[in-house]
Amino acid sequence: MRTRSTTRPGGRVRRRLTVLAGSALALVAAACGGETAQEPSTSAGGGGATTIDTSKPVTVYLGRHYGIEPVFAEFTKATGIPVEFTTGKDPELRERLVVEGPNTTADLYLAADAGNLELAERAEVLAPARSEVLDGAVPERLRDRDGAWHGLSVRARTVVTSSERVPEADVPTGYDGLGDAKWKGRLCLRPSTHPYTQSLVSSLIASRGEDGATEVVESWVANEPTYIDSDSEILGAIASGRCDAAIVNSYYLPRLEAEKGEQPVRLSWVTDEPGVHVNISGAGITRHGDNPAGARRLLEWLATDGQARFAEVNFEFPANPDVAPRPELVALGGFTPDPVRVERFGTLQPDAVMLLDRAGYQ
Amino acid sequence: MSTGRASARLPAALWAGLAGAALLVLAPVAALVSSALRPETDVWAHLAATRLPGMAVATVVLVTVVAVASAVLGTALAWLVAAHRFPGRNLLVWLLALPLAVPAYVSGFVWVDTFGVRNLGTAAVVLTLSLYPYVYVLALAAFRDQPAGAWNSARTLGCPRGAAFRRVALPAARPAVLAGSVLVALEVLTDVGTVRLFNVQTVADGVFRVWFGLAQREAATELAGLLLLAAAALLLAERRATRRSASGTAAGGRDTRRMEPVRLAGAGWWAVAGAAGVVAVALVFPVARLVAWAAEAVGRGATASAAGGVGHHLGSTVRVTVATVLACTVVGVVVALATRWSRGRGARALATSTTLGYGLPGPVIALGVLVVLAAVDRTGWLPRGTLLVGSFLGLVVALVVRYLALAVKPAEQAVGRVGRSAEDAARMLGAGPGRVVGRVQLPLARGGLAVAAALVALDVVKELPATLLLRPFGVDTLPVWVWQASSDSRWAEAGLPSLVLVVVAAVPTAFLLRTVLRGRSVAW
């Protein structure tokens, strides 16, 4: 599954595989003509396009790295196309794509946050990919307007409280509820450097405007939260009594409980308008990759046949509404997601970060 | 620093090598700095009104506290083992150096998980415990190398041991302690992993807030320029201070007698107990925790990352490290020889410029190198189908740019220590520049070059951010595996790669200490 690089200490450079005629044409066409130039894809993740050279690997810049390799292995088993990937942080991989430009080594950019995907699109390193398969599989709200990237799984960020120290009646029904003075010194939040915090605040700006969002963030800061840069550690902090309330992604709790048994932590869906903040893991085909056809095949497969596996390894909700989530997630009960288009997280991210800076949020 | 020699023209090959080395380091720095010529005033105004003052204070406080604490701890421990005899001394000499093999970001998450405290104070403790051995090793060499004459005279004239330490031994070791402390300060200044773990907002951390949070690359590099200035100031201050105090200890007529260690008595045992405590906290505690985690992960069968098992990551680490160490040492020697042969200011300035990379955080260097490599790729100068971006060579180049200073300084000192008389004698006997270098200078500088290699290896083995950004497909070092597990707080799974990493990093640590103990001169 790995290593097409032929490298040696002392500095032999990597020799890129020759671009095959077919995909070279597609590449040129994609670069010049936008979405119309993409070859048509006919069936869902299956036998479809015939021009794909299955011996040629798809290379992925992978910003999400929890348990993904068996999913890629399954794709290879199903299609014969090998997958190579290099892991990293979403924004750094995006920056690498931008700097590499036409010489990029990546065919697909897979990130754990819509904001970074949108910023990649704005930096013009992603190629629009429209297909019936993707249109049918991924709801419009969870993909880029031009098809530069598509959401593949959904993460919902909501309120958790200690089931031992917080009575049911005290559980806030919205994110702003955590700004109430009764949570002073009892709050755990993720630092502003993390995309989860940034996209949450972006969604607050989208629904409440700049001033409304500032008010909420300032009320959190006034409660002197403990900042912990890990959702699973935040859950541990609630279990051990270091804090009583927090905001985390829903999948961390079932994942933790699958490992360590039941936790004294209560997950409650936010019910205030506009609903639960959701972000996506998603992917976009790179504009200058060698193997756009293979990348497209992988993207379509992840949105259809591979959808259940892709979402379940990380306890996330599938983006494709036709695919059922894992039973542990169903057990968390239904929720109303914030209807905002996730691409706005990219547009609003710099505003959100500056707002957090001004509010004195760590 | 030397008496005039007749004709010391810099051989063309050395000039070319020096210029090449300077270009290697300056190109990526320039690629970034050029963008700083049009300052992003909006971002600066925003930063100045929000986080910048706090970041500046946190940086100054953290760097100062860690550097001073390391200087005190490292010097005291070195004096304890250098000047005293007691049972277990030989073992303690080694154990006190080994915390250097435990990266601060690894002991950091052990501390975070155990105590749950994230603040500047804890960050300072963790960084000090991981970095003080730099001072310890250099001071140990200095105490050992100091001529016994001055010490013996002081004692014979009735100076008590304590006063003799303050007035004779310590001043003699001052350049070494200073050099070690500057090394520690630069490591802290450019650290991005440990500070983030402890929620300490330093300027280096701010670079990434601006770069990735605000998507403002130009402003981020401008902020990084601030770090570069601070680093340059530190190096300059050290150079000045050292030049002042080094004048008395000329390498000329050597006093070969060594100070005799005395038997430890009375209160000295408290010092030994303290030293054992340092070993317990800095080495035994984190390693024991890693062993427990690794055992848990192995029990669950979690002995591999997405990329492969221990073998794969170990192989990547060794390849990257060996290649970088070789490259750094060779380039370091070239730079050192060039400054030795040339008297000109130009050569001196070029040599200094090769050390700039050590003042910038890894990801900033990585980005600069990426920009340069991508530009070279686009020129079409390379053979068809070969690319530098995403290649092994590209990664090694970035690491050389980042750590070349660690090789240049010891190499310069080692070559500089070879007496002019030996070189002049060789030349008068008819040896050309090549033979002087090959038969006189390099063999005599061997010890210093070993130190250079060990220092570079120590940092490269543990390096994460530049490797993460630049590595080609299929190159996944141990720190990459540690990061993958620990960024998700899966400590148990981070235990095994961390433990292997500590063992690997112990090799250059041991090599460094052995070089010192064998009586080779050590300097940074």
Side-chain angles (χ1 to χ4, degrees), chain A residues 2-5 7-18 59 62 65-69 84-93 95-96 99-105 116 119 191-193 198 226-233 236-237 240 242 349-350 352-354 356-358 360 362, chain B residues 46-47 49-51 112-113 116 118 196-197 199 201 205 208-209 211-217 306-308 312 319-320 322-323 326-327 363 366-367 370-371 374 377-378 382 385-394 396-397 465 468-476 480 484 487-490:
Chain A
R2 298 207 51 84
T3 322
R4 75 171 171 192
S5 52
T7 48
R8 273 177 227 166
R12 178 72 75 82
V13 287
R14 198 170 64 70
R15 201 160 280 277
R16 189 95 76 90
L17 295 178
T18 325
T59 53
L62 183 64
H65 43 84
Y66 189 81
I68 189 99
E69 64 280 13
E84 291 171 345
F85 56 89
T86 196
T87 48
K89 304 176 189 177
D90 285 352
E92 299 193 10
L93 291 172
E95 200 67 34
R96 178 164 165 178
V99 175
E100 286 175 342
N103 291 324
T104 187
T105 46
N116 279 303
L119 290 173
S192 61
T193 42
Q198 294 165 3
T226 304
Y227 296 94
I228 300 181
D229 199 8
S230 152
D231 281 15
S232 27
E233 271 186 76
S240 69
R242 275 196 293 134
Q349 179 182 311
V353 170
M354 287 170 103
L356 287 157
D357 288 347
R358 282 193 300 270
Q362 277 201 11
Chain B
H46 167 76
L47 282 178
T50 56
R51 296 189 196 271
V112 162
D113 186 66
R118 298 155 193 271
R196 175 86 33 121
L197 202 55
N199 286 347
Q201 295 179 36
D205 182 61
F208 301 99
R209 287 175 174 271
W211 183 2
F212 298 134
L214 295 175
Q216 292 275 2
R217 199 170 87 196
H312 169 75
R319 277 159 61 206
V320 172
V322 168
L326 284 178
L367 181 73
L370 204 51
V371 171
D377 283 343
R378 275 195 284 271
L382 300 171
T386 49
L387 290 173
L388 289 172
V389 170
S391 70
F392 188 81
L393 180 62
V396 171
V397 165
L468 201 55
L469 196 62
L470 286 177
R471 76 211 149 97
F473 289 105
V475 174
D476 309 277
V480 170
Q484 280 167 353
S487 67
D488 223 9
S489 300
R490 288 175 288 129

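By convention in this document, chain letters (A, B, ...) are assigned in the order of the sequence lines, proteins followed by strands, and residues within each chain are numbered from 1. What you are looking at is a predicted structure, and each value in this text was computed from that prediction instead of being measured.
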Q.
Let me confirm one number: the CG-CG distance from B:Leu47 to B:Leu214, rounded to the nearest 0.5 Å.
A. 7.0 Å
Q) Which value, rounded to the nearest 0.5 Å, describes the distance between A:Thr86 atom OG1 and B:Asp476 atom CG? A)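 Reported value, rounded in 0.5 Å steps: 6.0 Å.
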(Q) So if I apply the side chain to side chain contact (heavy atoms under 4.5 Å, CB included) rule between A:Arg96 and each of B:Leu367, B:Leu370, B:Leu468, which one comes out positive? (A)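 Single pass found, and it is B:Leu370.
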Q: Measure distances from B:Arg196 to the heavy atoms of chain A and classify the residue's part below 4.5 Å as side chain, backbone, both or neither.
A: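 Just the side chain, heavy atoms under 4.5 Å.
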Q | Which portion of B:Val397 sits near chain A, non-hydrogen atoms under 4.5 angstrom | A | neither
Q. Taking A:Asp231, A:Leu356, A:Ile228 one by one, which has the highest count of heavy-atom pairs under 4.5 Å against chain B?
A. A:Ile228
(Q) Shorter than 4.5 Å, heavy atoms on both sides: which option in B:Ala49, B:Ala327, B:Gly116 has the most such pairs with chain A? (A)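 Max contact count across the listed options: B:Gly116.
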Q. If you count heavy-atom pairs under 4.5 Å between each of B:Val320, B:Val480, B:Leu470 and chain A, which one has the most?
A. B:Leu470
Q) Do A:Lys89 and B:Phe212 come within less than 4.5 Å of each other through their side chains, counting heavy atoms only? A)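 Sidechains of B:Phe212 and A:Lys89: no contact.
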Q | Worked check of side chain to side chain contact (heavy atoms under 4.5 Å, CB included) between B:Arg471 and A:Thr87 | A | CA-CA 10 Å; B:Arg471 76 211 149 97; A:Thr87 48; 3.1 Å; yes
(Q) If I measure from the heavy atoms of chain B, does A:Gln198 come under 4.5 Å with its side chain, its backbone, both, or neither? (A)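 Answer is side chain: those atoms of A:Gln198 sit under 4.5 Å from chain B.
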